[in-house]
Amino acid sequence: MPYAIPRLDEGAFHVAEIEIERSRFIAWVCHAPDTAHFEALLARARTTYPGASHHCSAFVAGPPGEQTAIGFSDDGEPGGTAGRPMFQVLEGAAIGQIGCVVTRYFGGTKLGTGGLVRAYSQAVQKALETLPLAEFTERRHVRLHLDFAGEAEARHWLAGQAIPIAAADYDGSGVMLTVGWPSDEPVDLTPLEARLKGNIARLD
C-alpha cells in the first residue's frame with residue numbers, strides 16, 4: 001500500500017520553530033529509510049546547537065505502523081514528556097520513513113509535565129504542516145526474460161503500469177528486465193504476454 005514519506009534529498013532536513021514561555025523548540029525532520037539516516041540528523045542537531053538544553057527525538061524507519069525500526073528519547077526531560085509525544089504525532093500523521101529531533105533552549109520558566117508534552121507535540125506538528133511529502137510504494141524485484149523484438153513493447157507496457165525498470169541485461173538469447181513490482185500486488189503479466197504472443201518468461 002503506498003504511503004507518504006518526506007520529500008527531502010539525501011542529507012537534507014526540514015526545520016520549524018516555536019517559542020513557549022521564552023523556551024525555543026526547534027524541530028528538525030528528515031527522510032529516514034533506516035536508523036542511520038535518523039542518527040545522522042541527531043548528530044547534526046547536536047553539532048549545530050551544542051549549547052541547547054535537550055535534543056529530544058523520535059523516528060519511524062519504515063512504513064506507518066512499523067513496530068521494530070522505531071524509537072524515541074526524552075534526552076533528559078522528565079520521562080514521557082518529549083520523545084513519546086513526538087512519536088505519537090508522527091504515528092498519527094501516518095508518515096513513514098521519518099525522523100525528528102526537537103532541540104530545546106530553556107527560557108527560564110518551567111513548563112511542567114503537561115506543558116512539555118504540549119510543547120514538544122506542537123513543535124513536531126508545526127514542522128509537519130509545511131513538510132513536503134512524496135508517495136512511496138514498497139516494491140520487490142521481478143525478473144522478466146524476453147527476446148529483443150519485444151523489449152520496446154514491454155518497456156511501453158511497464159511504463160503505462162508505473163512499474164520501474166531497475167536493470168536491463170542482454171545476452172545472445174534476448175534481454176533480462178529486472179522490474180520493481182508493487183509488493184502488495186500479485187504479479188499479473190497476462191496483458192503483456194498477450195501483446196508479446198507469449199514470448200516472455202518470469203524467472204523468479
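The aromatic rings of Phe72 and Phe87 sit tilted, their planes meeting at an angle between 30° and 60°. Note: Phe25 and Tyr120 have perpendicular aromatic rings, judged against thresholds of 30 and 60 degrees for the angle between ring planes. In this pair, His31 and His37 present their aromatic rings tilted. The plane angle is within the 30 to 60° band.
Asp74 places a side-chain N or O within 3.5 Å of a backbone atom of Ala82 that can act as its donor or acceptor partner. Checking side-chain atoms of Asp147 against main-chain N and O of Gly174 turns up no donor-acceptor pair under 3.5 Å. With hydrogens and angles disregarded, a donor-acceptor distance shorter than 3.5 Å links the side chain of His14 to the backbone of Ala127. Panel note: side chain Thr81, backbone Leu116; no donor-acceptor pair is recorded below 3.5 Å.
Here the CG atom belonging to Asp171 is positioned 5.0 Å from the NE2 atom belonging to His145, to the nearest 0.5 angstrom. Note: Glu193 CD to Arg202 CZ = 10.5 Å, rounded to the nearest 0.5 Å. Considering OH of Tyr170 and CZ of Phe148, their distance stands at 8.5 Å, rounded to 0.5 Å. To the nearest 0.5 Å, atoms CD1 (Ile18) and NZ (Lys126) are separated by 8.5 Å. Note that CE of Met86 is 6.5 Å distant from SG of Cys56, once rounded to the nearest 0.5 Å. The structure places CD1 of Ile200 at 11.5 Å from CZ of Arg195, a figure rounded to the nearest 0.5 Å.
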Task: side-chain contact (heavy atoms from CB on, under 4.5 Å) evaluation trace for Leu177 with Arg155 - done: CA-CA 9 Å; Leu177 298 180; Arg155 285 180 176 272; 4.1 Å; yes
Open item on the list: Does Thr47 form a side-chain contact (heavy atoms from CB on, under 4.5 Å) with Arg44? I'd like the steps, not just the answer.
Closed with: CA-CA 5 Å; Thr47 300; Arg44 179 70 176 272; 5.5 Å; no
Task: Gln88 vs Val117, side-chain contact (heavy atoms from CB on, under 4.5 Å): CA-CA, chis, key distance, verdict - done: CA-CA 11 Å; Gln88 289 172 335; Val117 168; over 6 Å; no
TODO: Decide side-chain contact (heavy atoms from CB on, under 4.5 Å) for Val142 and Ile163; before the verdict, give the C-alpha distance in whole Å, the side-chain angles of both, and the deciding distance to 0.1 Å.
DONE: CA-CA 11 Å; Val142 173; Ile163 297 174; over 6 Å; no
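Nearest heavy atom pair, residue Gly99 against residue Leu41, reads O-CD2, 3.8 Å. The minimum heavy-atom distance linking Ala58 with Gly83 is given by the pair CB-O, 3.8 Å. When every heavy atom of Gln97 is checked against every heavy atom of Pro33, the shortest pair comes out as OE1-CB, 3.6 Å. Across Ala52 and Thr103, no two heavy atoms sit closer than the pair CB-CG2, 3.3 Å. Smallest separation of non-hydrogen atoms from Pro6 and Gly96: CD-O, 3.4 Å. When every heavy atom of Cys30 is checked against every heavy atom of Leu8, the shortest pair comes out as CA-CD1, 3.9 Å.
Looking at Pro63 and Met1, their side chains never come closer than 4.5 Å, going by heavy atoms from C-beta outward. With contacts defined as side-chain heavy-atom distances shorter than 4.5 Å, the pair Arg104/Ser23 qualifies. Side-chain contact between Ile20 and Gln122: present, with at least one pair of heavy atoms (C-beta onward) separated by less than 4.5 Å. At a threshold of 4.5 Å between non-hydrogen side-chain atoms, the residues Leu128 and Ile98 count as touching. Looking only at side-chain heavy atoms (C-beta outward), Asn199 and Leu146 stay at 4.5 Å or farther from each other. Between Pro164 and Arg139 the shortest side-chain heavy-atom distance falls below 4.5 Å. Counting heavy atoms from C-beta on, the side chains of Trp28 and Leu42 never come closer than 4.5 Å. Residues Glu185 and Thr137 are not in side-chain contact: their nearest non-hydrogen atoms beyond the backbone lie 4.5 Å or more apart.
Residues Tyr49 and Val102 do not share a hydrophobic cluster, clusters being chains of Ile/Leu/Val/Met/Phe/Trp/Tyr side chains in contact below 4.5 Å. Both Phe38 and Val15 belong to a common hydrophobic cluster when Ile, Leu, Val, Met, Phe, Trp and Tyr are linked at side-chain heavy-atom distances under 4.5 angstrom. A continuous path of hydrophobic side-chain contacts links Ile95 to Val124 [ILVMFWY only; heavy atoms under 4.5 Å]. Placement of Phe13 and Phe59 within a single hydrophobic cluster is found when ILVMFWY residues are connected by side-chain heavy-atom separations under 4.5 Å, directly or transitively. No path of Ile, Leu, Val, Met, Phe, Trp and Tyr side chains, each step under 4.5 Å between heavy atoms, connects Tyr3 with Ile70, placing them in separate hydrophobic clusters.
Met176 forms part of a hydrophobic cluster together with Leu203, judged by ILVMFWY side-chain heavy-atom separations under 4.5 Å.
Listed by first and then second residue, the salt bridge (charged side-chain N to carboxylate O under 4.0 Å, His left out) pairs involving residues 7-27 are Glu17-Arg24 (not counting sequence neighbours).
Under 3.5 Å, the side chains of Asp188 and Thr190 contain a donor-acceptor pair of N or O atoms.
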